[in-house]
There are 2 protein chains.
Amino acid sequence: MSEVTRPTLSDALTERMLELIRKGGHRPGDRLPSTRELSQRFAVTTPTLREALRRLEATGAIELRHGSGIYVGAAIERLVLPNPNMREVHAAQLVELLGARIVIEPPLAAMAAQNAEGEELAVLKGVLDRACRHLRGDDAELHEANMSFHRATARMAGNSVLHEVVDSLLLVHGPEQREILQIFDDRRRDYEEHLAILEAIEARDAAQAEERMRAHLVEVRTVIEHRLHPPG
Amino acid sequence: MSEVTRPTLSDALTERMLELIRKGGHRPGDRLPSTRELSQRFAVTTPTLREALRRLEATGAIELRHGSGIYVGAAIERLVLPNPNMREVHAAQLVELLGARIVIEPPLAAMAAQNAEGEELAVLKGVLDRACRHLRGDDAELHEANMSFHRATARMAGNSVLHEVVDSLLLVHGPEQREILQIFDDRRRDYEEHLAILEAIEARDAAQAEERMRAHLVEVRTVIEHRLHPPG
DNA sequence: CATATCAAGTGATCTAATCACTTATTCCCA
DNA sequence: TGGGAATAAGTGATTAGATCACTTGATATG
């Protein structure tokens, strides 16, 4: 959807800076090299480097103190949330991410059930149809459709703040994570669980919608945990 | 805590740009003036302007398309969430923001009750003590302490993603909002409700902690609604 | 009519120098 | 000897204008 334009120099710089901080073992509060040194090391000029720094600053990854230096921000060891420019997540954070979704999304499913109206309900059905058509075939499309189901449900709930929060959380579930997020190696499974949730929403059964969404996410988390730490 | 350094030129630029977009009636997808024109209008040089643009880009407020132009992003009409550089929220969004907190924070209170341990419990108590000392006196301090209580509770829950989400949401409850967030014009009220929540957490009574947190936030929202739309 | 070419407009980057601020040291005076 | 003021080094902030790279719509060409 995005990423229509070729990655620019400063795009790459932003990621190299992040890498420098993370792989350099820097902790929040640590001081980083000066702008002069960084621009030399990365072989770019000051203004270009600064653009990358400003982006990192905007997300809380670093902090620029005039006359003092560049410092690692608190957000660096947390999840870098809603930055379209650097969707990155460590595997270990996936479990916590699912934990967050388990708290937030079930109530949203309940709210969606209460608001269930013609138009938005149609959107939700459309998303599931799309997933159904890719049940055997394009992996990336199927994954995208599955994620869209969660986004659409959050949207139906009618609270724009929560909608944005869920969007942010799902942002890190990029295509590269589709394997680990696939339940039980069964492509059909995700779809059927989503379908069950839709039915509850359509029936305006808030309690059931909430419970099915929760069960669904808990199951996903369980699978992920097993894959990260195989039993035995 | 932050904001130790004087606002820089590019800080101001970022806000002026936001103002230009918002008050200019621009919608997502609209094209903004070119970098050359913007730098002239604001009387700054290209690199300085670009730093401001990169910050706005990082939060999704705008989009820079090489060779094409600068476009308004989708995030511009939503809440600008976790950007330490521009904490801004429209009054009407407060109600929705509270709605989001009502969904997220009560379960966190329950999780905090389950994790209740010595050290973090002490932190929570310390926060309430600080609030107590400012019950009559420094308004800003009292407000900050009240917000810290919610942050600390979220932290106790033990999920860093949710902790970050709550931090982001509370970020917009800056000092300038302390009046509207004050329950019933009674400075003591907030403190006492927080105290009740703490007691439930301390007693490891998850259900009660959750319910008290929910009741507390619902009450705050109700008050805010009444202030925004006085009955009659 | 469709395709290829081109030119204007726009963002991206470079260059290198100067300004403004912080910090720790030093020095002086009490 | 202690405390505070001047100071110098280091660092981020900003300036200036030119050049490169890309997009897009108009124009020309088959």
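Order of the sequence lines sets the chain letters (A, B, ...), proteins ahead of strands, with each chain counted from 1.
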For A131(A), all residues meeting side-chain contact (heavy atoms from CB on, under 4.5 Å), sequence neighbours excluded: L142(A), A145(A), N146(A), Y191(A)
OP1 or OP2 of dG11(C) under 4.0 Å from side-chain N/O of T35(B): yes
Could you run down the sub-3.5 Å N/O contacts of the protein with nucleotides 19-21 of chain C?
from	atom 1	to	atom 2	distance (Å)
dA20(C)	N3	H66(A)	NE2	3.3
dC21(C)	OP1	R6(B)	NH1	3.3

Separation between CD1 of I62(A) and CZ of R55(A), rounded to the nearest 0.5 Å: 11.5 Å
For the student: nearest non-hydrogen atoms of N115(A) and A157(A), plus distance: ND2-O, 3.0 Å
Taking every non-hydrogen atom, the tightest pair across L32(A) and M17(A): CD1-CE, 4.4 Å
Phosphate OP1/OP2 of dT10(C): any R31(B) side-chain N/O under 4.0 Å: yes
Electrostatic pair R155(A):E164(A) at N-O distance under 4.0 angstrom: no
Interatomic distance where CD1 belongs to I70(B) and P belongs to dT24(D) [whole Å]: 15 Å
side-chain hydrogen bond (donor to acceptor under 3.5 Å, both in side chains) contacts in which one or both residues fall within residues 30-39 of chain A, not counting sequence neighbours: E37(A)-R41(A)
d(OH, Y71(B); P, dT24(D)) in whole Å: 6 Å
Beyond-backbone contact of F149(B) with L128(B), side-chain heavy atoms, under 4.5 angstrom: yes
Carboxylate-amine/guanidinium contact R189(B) E193(B), below 4.0 Å: yes
Close N or O pairs between protein and nucleotides 4-9 of chain D (under 3.5 Å):
none

Restricting to nitrogen or oxygen on both sides, can you table the protein-nucleotides 13-16 of chain C pairs closer than 3.5 Å?
from	atom 1	to	atom 2	distance (Å)
dT13(C)	OP1	T8(A)	OG1	2.6
dT13(C)	OP1	L9(A)	N	2.6
dT13(C)	OP1	S10(A)	N	3.2
dC14(C)	OP2	T45(A)	N	3.3
dC14(C)	OP2	T45(A)	OG1	3.0
dC14(C)	OP2	T48(A)	OG1	2.7

side-chain contact (heavy atoms from CB on, under 4.5 Å) involving D129(A) - partner list, sequence neighbours excluded: R133(A)
Contact check, side chains of T153(A) and L198(A), non-hydrogen atoms, under 4.5 Å: no
Plane angle bin for H194(B) and H150(B) - parallel if under 30°, tilted between 30 and 60°, otherwise perpendicular: perpendicular
Integer-rounded Å distance: dT15(D) C1' and L13(B) CG: 13 Å
Separation of dT14(D) P from L64(A) CG (nearest whole Å): 11 Å
Value in whole Å for how far the C1' atom of dT11(D) lies from CZ of R65(A): 13 Å
Distance in angstrom units between E63(B) CD and dT10(C) P, rounded: 17 Å
